[in-house]
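Owing to the predicted nature of the structure, the values given are computational and were not obtained by experimental measurement. Quick note on labels: first sequence line is chain A, next is B, and so on, each numbered from 1. Heavy-atom basis, side chains included; hydrogens, waters and symmetry copies ignored.
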Protein chains: 2
Amino acid sequence: MPKLIDHESKKLDIAHAAWKILLKEGMEGASVRNIAKEAGITLGALRYYFTTQEELLAYTEDLVHANLAERTTELFMADLPPQEKVLKLLAGLLPENGEGDSAPEARLIFKLHSKYSGKAYDRGRDSVYQAVKSVMSNLVMLNLLKKDTDLSLETDRLYGLMDGLALNSMLQGAEGNPEKTRGILETHLKAISKEPSGGQY
Amino acid sequence: MPKLIDHESKKLDIAHAAWKILLKEGMEGASVRNIAKEAGITLGALRYYFTTQEELLAYTEDLVHANLAERTTELFMADLPPQEKVLKLLAGLLPENGEGDSAPEARLIFKLHSKYSGKAYDRGRDSVYQAVKSVMSNLVMLNLLKKDTDLSLETDRLYGLMDGLALNSMLQGAEGNPEKTRGILETHLKAISKEPSGGQY
DNA sequence: ATAAATATGATACAGGTGTATCAAATAAAT
DNA sequence: ATTTATTTGATACACCTGTATCATATTTAT
């Protein structure tokens, strides 16, 4: 038998290169040639792993969502007061918090791209939507929400707020301070929670 | 003297064609050739009015924002209870409400495009941000907001919510019901307002 | 050493892009 | 009828795009 390179890990390398390009130049810069160059391989080699650009991008999007879902899971198991945990979790899903990879920004780029690229956006596959749903049902379980809360509506409201904050964080680069974004999230969480019978958040 | 076509109104025609294209095919479809075809003129004629694609798009963006600002102004002067007026105003700035031109969607497309097209997004020129600011200071004037409200923070929160709702409305096409979006807005407005001493919204 | 997987790099196709130029036709004003 | 603004339509340039092919090399296992 011959070379036997780990096919899957090589695909991951390429997807990470695509990811990097997306953050630097957006979807418009994500040409197969640019990605190949970033990955340090040739067009032919890239084609060996991904037949189609669409296939590569879909793979990369899955990778990004897997990354975000992992963050969410980790934080869910952390040993923290519920309110603080929830706040940290949501804040971690917004851009400009971790500068390393910035999965949140990549996710947003994919989401924005979805409009004129075929089918409708499936929020069921959106790691942020899943996280928001988890957060909300968690708050329900712990009986932390106000009485007479419309869970579905409040889920959509928080989800909308998350997307809006993500978008505006992404668009204003360095100027947009993460502290203010965090403050907004905190305010929102307080607003949908029961009256404080002690310190919160 | 010769032909003397109204230069400005012709530019408006072209910008409206660009607008239409943007809604149909997004920014990727907004090539000068496509726009010229939509406007029913030739490439050369288009070039007679706009030297550059960037110039044409900037002109179109201004047109869209002017349209939105006009809606806002009209509704501000309407004879309605403040809460209802505010709700109508904000809902009118989200996609899928008026199917005619859908300035809100066009605005969002421009906003999304701004990231990898040069400079940072200037929210000061965003008609929606201006509307949100107006709404908030209006609520302050009428003393309708909760005590100890952080005006700047609540403005950004509502602005974020508006963008998130707009984005999600745009992305789910027909499926996303405007009624739910309106319900979310209503809930949010109630949440930042004083306790009802009567009917609200 | 041999065989198979992997990668190169070059070439090609067909199509799109923004910008540019320009002689010729068309239209409306004087 | 003549002047001048407007528009046509065609051509061109230089560049980018995704996809495709393929002989040649490189690597790694047996």
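Whole-Å rounding puts the A:Leu56 CG to D:dT17 C1' distance at 15 Å. Taking atom CZ of B:Phe50 as the reference point, atom P of C:dT19 lies 13 Å away to the nearest angstrom. Regarding B:Leu43, its CG atom lies at a distance of 10 Å from the C1' atom of C:dA20, rounded to whole Å. Distance CG (A:Leu46) to C1' (C:dT6): 14 Å, rounded to an integer number of Å. The separation between A:Glu25 atom CD and D:dT17 atom P is 9 Å, rounded to whole Å. Distance, B:Asn34 CG to C:dG15 P: 16 Å, rounded to whole Å. Between the P atom of C:dG18 and the CD atom of A:Glu28 lies a distance of 12 Å, rounded to the nearest Å. Rounded to whole Å, atom C1' of D:dA5 lies 13 Å from atom NZ of B:Lys10.
Comparing B:Gly40 and A:Ala30 by the nucleotide of DNA chain D that holds the closest heavy atom to each, the one mapping nearer the 5' end is B:Gly40.
Side-chain contact between B:Glu154 and B:Leu145 is absent, with no heavy-atom pair separated by less than 4.5 Å. Looking at A:Leu144 and A:Pro82, their side chains come closer than 4.5 Å, going by heavy atoms from C-beta outward. You'll find the side chain of A:Gln53 stays beyond 4.5 Å of the side chain of A:Leu56, heavy atoms only.
Looking only at atom types and distance, the side chain of A:His188 has a donor-acceptor partner in the side chain of B:Arg157 under 3.5 Å away.
Contact annotation: A:Thr42 does not reach the phosphate of C:dA7 (side-chain N/O to OP1 or OP2, under 4.0 Å). Residue B:Arg47 places at least one side-chain N or O closer than 4.0 Å to OP1 or OP2 of C:dA20. The phosphate of D:dT6 (OP1 or OP2) has no side-chain N or O of B:Tyr49 nearer than 4.0 angstrom. Of the side-chain N and O atoms in B:Thr52, one or more sit less than 4.0 angstrom from OP1 or OP2 of C:dT19. Taking side-chain N and O atoms only, B:Tyr48 has a distance below 4.0 Å to OP1 or OP2 of D:dT6.
Remark: A:Ser137 engages no residue in a side-chain contact (heavy atoms from CB on, under 4.5 Å) (not counting sequence neighbours).
Contacts of B:Ile41 with the nucleic acid, taken as non-hydrogen atoms under 4.0 Å apart, involve only primed sugar atoms and P, OP1 or OP2.
Side-chain atoms of B:Arg107 do not come within 3.5 Å of backbone N or O of B:Ser127 as any donor-acceptor pair. Panel note: side chain A:Lys146, backbone A:Ala191; a donor-acceptor pair is recorded below 3.5 Å.
The side chain of B:Ala45 lies closest to D:dT7 when the candidates are D:dT7, C:dT19, D:dA20.
Checked by distance alone, A:Arg33 brings a side-chain donor or acceptor within 3.5 Å of a matching partner on the base of D:dG18.
Consecutive pairing runs in DNA chain C reach the stem threshold at C:1-13 with D:18-30, C:15-29 with D:2-16, where a stem means at least three Watson-Crick or G-U wobble pairs with distances under 3.5 Å.
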